[in-house]
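One structure below.
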Amino acid sequence: MQEKRISRWYFGGVASSAAACLTHPLDLIKVHLQTQQEVRMRMSGMMVSVLRREGYLALYNGLSASLCRQMTYSLSRFAIYETVRDMQSCQNKGDMPFYQKVLLGAFAGFAGGFIGTPADMINVRMQNDVKLPVELRRNYAHALDGLFRVWSKEGLKKLFSGATMASSRGALVTVGQLACYDQSKQLVLATGYMEDNILTHFLASVFAGGCTTILCQPLDVVKTRMMNSAEEYRGLVPAAIRLIPHTVLTFMFLEQLRRHFGTVVVA
């Protein structure tokens, strides 16, 4: 009998929040690109423009909303996916088939996307505020202030605008991230040439990040447009530059949390 460690239900939210702190500037630039009225700037130009207008701290506009989103959206989808996966693995004495991982990922992501929609909307608005004229800015102090002001002035229904797109995107992201990460990690370890270490985690997460970018980019643009009521800019490269690092960092943090603080079970 061997002992192994499995994730606690909240590890996904913690790992995603840590990754978001490092990749938030990339996410902010992605939102700015997607909400241009017309395609006038590319990623590097947009970043320079934000820095010149507002300074370095502007790259972290909306960070509180981003963290709020990770602790609702990502925490929910990771908790559902990993809890069910670990239960099934223990009962079946082996890994789930890939198609079951895909179905579970889609369900977990859809639920998480709906739960995280209010924070996601506030995140998009706070990130895009810096582009607006001073008199038109919403100037939310933080995520909770934004949530309260939208609820009180625009109604509860407005908090869930774009929920269909957010939930659909959440399903695709979770399939791309969690299901593809699990499967690629399993395949890499099955070769016998690599061990369960940081290099394996990195390779599997890069593959998962690429899958996620391809799967979710079209819906990501539509979601951003619906939440901000602006025209969109379809940029696969900006999405990849943000999504792949975020995916890699999330799983690197998650694996370390699991290894050092996870629940010990007998396999």
Side-chain angles (χ1 to χ4, degrees), residues 4-20 23 27 69-92 94-117 120 166-190 196 198 200-217 219-220 223 239-240 242-259 261-263 265:
K4 68 175 184 178
R5 290 183 180 270
I6 61 175
S7 292
R8 299 180 188 274
W9 63 271
Y10 55 86
F11 278 4
V14 174
S16 297
S17 295
T23 62
D27 194 28
R69 176 176 179 265
Q70 298 303 335
M71 292 304 291
T72 51
Y73 160 67
S74 287
L75 187 148
S76 300
R77 65 194 182 99
F78 270 90
I80 294 170
Y81 180 89
E82 295 208 318
T83 299
V84 175
R85 180 203 61 192
D86 292 340
M87 288 175 58
Q88 289 296 314
S89 296
C90 288
Q91 290 178 3
N92 300 332
D95 294 315
M96 293 173 62
F98 182 58
Y99 80 91
Q100 290 185 5
K101 295 175 184 175
V102 170
L103 293 175
L104 176 58
F107 173 76
F110 193 88
F114 181 81
I115 293 170
T117 297
D120 199 5
S167 297
S168 301
R169 178 187 179 275
L172 293 176
V173 168
T174 308
V175 169
Q177 283 185 333
L178 277 69
C180 290
Y181 176 81
D182 274 355
Q183 191 67 18
S184 57
K185 179 183 172 183
Q186 180 183 332
L187 293 174
V188 168
L189 294 176
D196 190 358
I198 290 179
T200 298
H201 305 158
F202 176 78
L203 293 175
S205 59
V206 169
F207 176 76
C211 292
T212 304
T213 303
I214 294 170
L215 285 172
C216 78
Q217 173 60 7
L219 283 180
D220 190 30
K223 174 184 71 70
R242 182 261 171 183
L243 261 176
I244 293 177
H246 185 271
T247 300
V248 170
L249 290 169
T250 295
F251 284 110
M252 300 288 273
F253 286 131
L254 181 64
E255 292 285 3
Q256 293 305 307
L257 286 170
R258 178 186 294 136
R259 176 166 296 181
F261 306 105
T263 304
V265 298

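For clarity, every value in this text was computed on a predicted model and none was experimentally measured.
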Run the side chain to side chain contact (heavy atoms under 4.5 Å, CB included) test against [X] and tell me which residues pass, sequence neighbours left out.
X: Ile198; answer: Met252, Gln256
X: Asp95; answer: Gln186
X: Leu203; answer: Met194, Leu199
X: Ala15; answer: Thr250, Phe253, Leu254, Leu257

Run the side-chain contact (heavy atoms from CB on, under 4.5 Å) test on Phe251 and Leu178 for me, step by step, so that the C-alpha distance in whole Å, both residues' side-chain angles and the decisive distance to 0.1 Å come before the verdict. CA-CA 9 Å; Phe251 284 110; Leu178 277 69; 4.1 Å; yes

Return yes if some donor-acceptor pair links the side-chain N/O of [X] with the main-chain N/O of [Y] below 3.5 Å, else return no.
X: Asp120; Y: Gly116; answer: no
X: Arg8; Y: Phe261; answer: yes
X: Arg5; Y: Arg259; answer: yes

Please examine the side chains of Leu187 and Phe207, heavy atoms only from C-beta on, and report whether any two atoms are closer than 4.5 Å. no

Taking the side chain as every heavy atom from C-beta outward, state whether Ile6 and Cys90 have any atom pair closer than 4.5 Å. no

Could you pull out all residues at least two apart from Phe11 that satisfy ring-ring contact (aromatic ring centres under 6.0 Å, His included)?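 Listed in chain order: nothing, the list is empty.
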
Test of understanding: with ring-ring contact (aromatic ring centres under 6.0 Å, His included), list the residues that count as partners of Phe107, not counting sequence neighbours. none

Could you pull out all residues at least two apart from Asp196 that satisfy salt bridge (Lys or Arg N to Asp or Glu O under 4.0 Å)?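 Salt bridge (Lys or Arg N to Asp or Glu O under 4.0 Å) check on Asp196 returns Lys185.
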
Work out which heavy atom in [X] is nearest to a heavy atom in [Y]; give both atom names and the distance.
X: Gly176; Y: Cys211; answer: O-CB, 4.2 Å
X: Val175; Y: Ala106; answer: CG2-N, 3.6 Å
X: Gly113; Y: Ser167; answer: C-OG, 3.8 Å
X: His246; Y: Gln70; answer: NE2-NE2, 3.8 Å

Going from [atom1] on [X] to [atom2] on [Y], what distance comes out if it is rounded to the nearest 0.5 angstrom?
X: Leu103; Y: Met96; atom1: CG; atom2: CE; value: 8.0 Å
X: Gln100; Y: Gln88; atom1: CD; atom2: CD; value: 6.5 Å
X: Leu243; Y: Cys216; atom1: CG; atom2: SG; value: 5.0 Å
X: Asn92; Y: Met87; atom1: CG; atom2: CE; value: 11.0 Å

Can I get a per-line list of side-chain donor-acceptor pairs under 3.5 Å for residues 75-84, giving both atom names and the distance, sequence neighbours left out?
{"from": "Ser76", "atom 1": "OG", "to": "Thr72", "atom 2": "O", "distance (Å)": "2.6"}
{"from": "Arg77", "atom 1": "NH1", "to": "Thr174", "atom 2": "OG1", "distance (Å)": "3.2"}
{"from": "Arg77", "atom 1": "NH1", "to": "Gln177", "atom 2": "OE1", "distance (Å)": "3.0"}
{"from": "Arg77", "atom 1": "NH2", "to": "Gln177", "atom 2": "OE1", "distance (Å)": "2.7"}
{"from": "Tyr81", "atom 1": "OH", "to": "Asp182", "atom 2": "OD2", "distance (Å)": "2.9"}
{"from": "Glu82", "atom 1": "OE1", "to": "Ser7", "atom 2": "OG", "distance (Å)": "3.1"}
{"from": "Glu82", "atom 1": "OE2", "to": "Arg258", "atom 2": "NH2", "distance (Å)": "3.0"}
{"from": "Thr83", "atom 1": "OG1", "to": "Ala79", "atom 2": "O", "distance (Å)": "2.6"}

Considering residues at least two apart in sequence or located in another chain, which fulfil the side-chain hydrogen bond (donor to acceptor under 3.5 Å, both in side chains) criterion with Thr23?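 Residues passing side-chain hydrogen bond (donor to acceptor under 3.5 Å, both in side chains) with Thr23: none at all.
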
